[in-house]
Engineer: 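I'd like to ask you about the structure that follows.
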Amino acid sequence: MLAKQAAGYFTAPAGATPAAATGYAVRQGRLEGSNVGAAEGAVRLVNVIRQFEMLQRALALAGR
């Protein structure tokens with residue numbers, strides 16, 4: 001169990017040894033894939049832009 005320290009640091013208890021990592025592979029020349037689909041990201045971006053424009057118009061009308 002790690003103990004929390006200041007500024008986001010953690011320390012292991014005295015005498016603790018790290019466990020060996022399992023279930024991984026290092027492959028040279030490979031690129032890591034994204035965990036988000038490009039189409040889904042584009043749709044979300046368009047929705048956020050539309051919401052921003054709607055709020056911007058509402059603020060402009062309220063300021064008149």
Side-chain angles (χ1 to χ4, degrees):
M1 181 90 166
L2 296 176
K4 187 173 183 180
Q5 300 295 312
Y9 290 102
F10 293 87
T11 58
T17 57
T22 59
Y24 71 93
V26 177
R27 296 186 179 151
Q28 185 174 350
R30 303 275 178 123
L31 294 177
E32 182 177 344
S34 174
N35 61 353
V36 177
E40 180 184 342
V43 169
R44 290 180 67 195
L45 178 62
V46 169
N47 284 334
V48 168
I49 290 171
R50 286 180 181 168
Q51 289 175 358
F52 174 77
E53 290 172 348
M54 181 181 63
L55 291 171
Q56 195 174 25
R57 280 189 223 124
L59 288 173
L61 289 174
R64 289 183 182 186

Engineer: Would you please name every residue forming a side-chain contact (heavy atoms from CB on, under 4.5 Å) with Ala16, sequence neighbours left out?
Structural biologist: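 Residues passing side-chain contact (heavy atoms from CB on, under 4.5 Å) with Ala16: Ala12, Pro13.
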
Engineer: Tell me whether the count of non-hydrogen atoms from other residues, nucleotides or ligands lying under 6.0 Å of CZ in Phe52 goes above 12.
Structural biologist: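 It does not: Phe52 CZ has 12 such atoms or fewer within range.
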
Engineer: Quick one: side-chain contact (heavy atoms from CB on, under 4.5 Å) partners of Glu53, sequence neighbours excluded?
Structural biologist: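 Applying side-chain contact (heavy atoms from CB on, under 4.5 Å) to Glu53 gives Ile49, Arg57.
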
Engineer: Taking only residues two or more places apart in sequence or in another chain, which ones pass side-chain contact (heavy atoms from CB on, under 4.5 Å) with Arg30?
Structural biologist: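 Applying side-chain contact (heavy atoms from CB on, under 4.5 Å) to Arg30 gives Arg27.
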
Engineer: Does Tyr24 have any side-chain contact (heavy atoms from CB on, under 4.5 Å) partners at least two apart in sequence or in another chain, and if so, which?
Structural biologist: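 With sequence neighbours excluded, Tyr24 shows a side-chain contact (heavy atoms from CB on, under 4.5 Å) to Ala21, Val26, given in chain and number order.
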
Engineer: Could you tell me which residues satisfy side chain to side chain donor-acceptor pair (under 3.5 Å) with Thr11, sequence neighbours excluded, listed by chain and number?
Structural biologist: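 For Thr11, the residues satisfying side chain to side chain donor-acceptor pair (under 3.5 Å) (neighbours in sequence not counted) are Gln5.
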
Engineer: Rounded to the nearest 0.5 Å, how far apart are CG of Leu55 and CZ of Arg50?
Structural biologist: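 If we round to the nearest 0.5 Å, Leu55:CG and Arg50:CZ are 14.5 Å apart.
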
Engineer: Residues sharing Val48's hydrophobic cluster, by side-chain heavy-atom contacts under 4.5 Å among ILVMFWY, directly or via others?
Structural biologist: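 None, because no other hydrophobic side chain comes under 4.5 Å of this residue.
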
